[in-house]
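Read through the structure below, which is laid out as structure tokens, and then see the notes.
If you're wondering where the values come from, they're calculated on a predicted model, not measured in any experiment.
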Amino acid sequence: MITTDFVPGSPCWLDLGSRDVPATAAFYGAVFGWEYKSFGEEGGGYGLFRLDGKTVAGLGPLNEEGARPAWMLYFRTDDAQAAAKAVEQAGGAVRVAPTDAGEYGSMAQLTDPQGGQFAVWQPGETEGGVELADAPGSLCWTELYTTDAAGAKAFYGGLFGWTASDVPLPGDGGTYSILTPAGQGEERMHGGLMELPSEHLSLNGGKPYWHPVFATADCDATAAKVTANGGTLQMGPEDAEGVGRLAVCVDPAGADFVVLTPAEEAKG
């Protein structure tokens, strides 16, 4: 599970770049009940999504040339500079060099050797990060679709110390690798990765990509809100044995995410 007690290598933040921030804020407000508060021009048009007074994600203008609207997942690090250097040495790339965010900390946006984009966050005087996780309307899992599972496991294992445990998927669905921060037990599992051929990754031009999974008390009702507000469904809603009921969603701008009602709640 994802918690707000962040350890090195664990997911700690996520944000979304949009070409139409007000429209995107309205969509996620309708789907999850999130409230958006912008920092205004001084904050570069960036702002925060909140649910019941707790920060769950960020939203700002999409400024990267040629980039598609997509959720960016941030993983906790003690040293953003060292992480960026390690990524380059491992064959990845630094898209946004380590950037100081004052008292809050510093961040860097990176690309793994297979092409998957992610970010790291080094906290400053305060820990920072999401204030709600593993609850309806908040981040509960992270997932990487990659063209090279072995390469991705080696890369992220070297960078963050993640351990990966492989689980066979039903039928001939291949293998799903469950990721856990270094030195942590199964209760801190935070994500998974799965190998897919490039033709199944058309949403990102055939390149690997990360996406967030948001918890919901009612997958079907949330999926209906997605389509009612201009989004689409790539898959589901459908049941995944031992996991719960889920749907793979795409917002009106093309950013993908998953909604999940965990198995216990799906039954009840």
- [ ] Kindly state each residue pair satisfying salt bridge (charged side-chain N to carboxylate O under 4.0 Å, His left out) with at least one member in residues 144-157, sequence neighbours excluded.
- [x] Lys153-Asp166

Task: Considering all heavy atoms, the nearest Pro8-Pro181 contact - done: O-CB, 3.9 Å

- [ ] Determine whether more than 12 heavy atoms belonging to other residues, nucleotides or ligands lie under 6.0 Å from atom OH of Tyr46.
- [x] yes

Open item on the list: Any heavy-atom pair between the side chains of Thr4 and Leu132 that's under 4.5 Å?
Closed with: no

TODO: Indicate yes or no: at least one non-hydrogen side-chain atom of Tyr74 is less than 4.5 angstrom from one of Gln109.
DONE: yes

Task: Nearest atoms (heavy-atom pairs only) where Leu203 meets Arg68 - done: O-CD, 3.5 Å

TODO: Check whether any side-chain heavy atom of Leu260 sits under 4.5 Å from a side-chain heavy atom of Cys140, and report yes or no.
DONE: yes

- [ ] Output yes when a side-chain donor or acceptor of Thr261 lies under 3.5 Å from a complementary backbone atom of Cys219, and no otherwise.
- [x] yes

Task: Pair Tyr28 + Phe214: ring centers closer than 6.0 Å - done: no

- [ ] Identify the heavy atoms of Leu73 and Pro212 that sit nearest to each other, and give their distance.
- [x] CD2-CB, 4.1 Å

Open item on the list: Ignoring hydrogens and geometry beyond distance, is a side-chain donor-acceptor pair present between Asn204 and Tyr145 at under 3.5 Å?
Closed with: no

Open item on the list: If you compare all heavy atoms of Leu144 against all heavy atoms of Tyr156, which two are closest, and at what distance to 0.1 Å?
Closed with: CD2-CE1, 3.8 Å

- [ ] For the pair His190 and Phe75, name the ring-plane relationship: parallel under 30°, tilted 30 to 60°, perpendicular over 60°.
- [x] tilted

Open item on the list: With rounding to the nearest 0.5 angstrom, report the CD to CG distance, Glu35 to Leu48.
Closed with: 12.0 Å

- [ ] Take Tyr209 and Trp71 through the side-chain contact (heavy atoms from CB on, under 4.5 Å) test and state the conclusion after the steps.
- [x] CA-CA 10 Å; Tyr209 58 91; Trp71 282 98; over 6 Å; no

Task: Trp210 reachable from Val248 in the ILVMFWY side-chain graph, under 4.5 Å edges - done: no

Task: Counterpart residues, salt bridge (charged side-chain N to carboxylate O under 4.0 Å, His left out), relative to Asp251 (two or more places apart) - done: none

Task: Lys/Arg N to Asp/Glu carboxylate O, Asp78 vs Arg76, below 4.0 Å - done: yes

Open item on the list: For a 4.5 angstrom cut-off between non-hydrogen side-chain atoms, does Glu187 reach Thr3?
Closed with: no

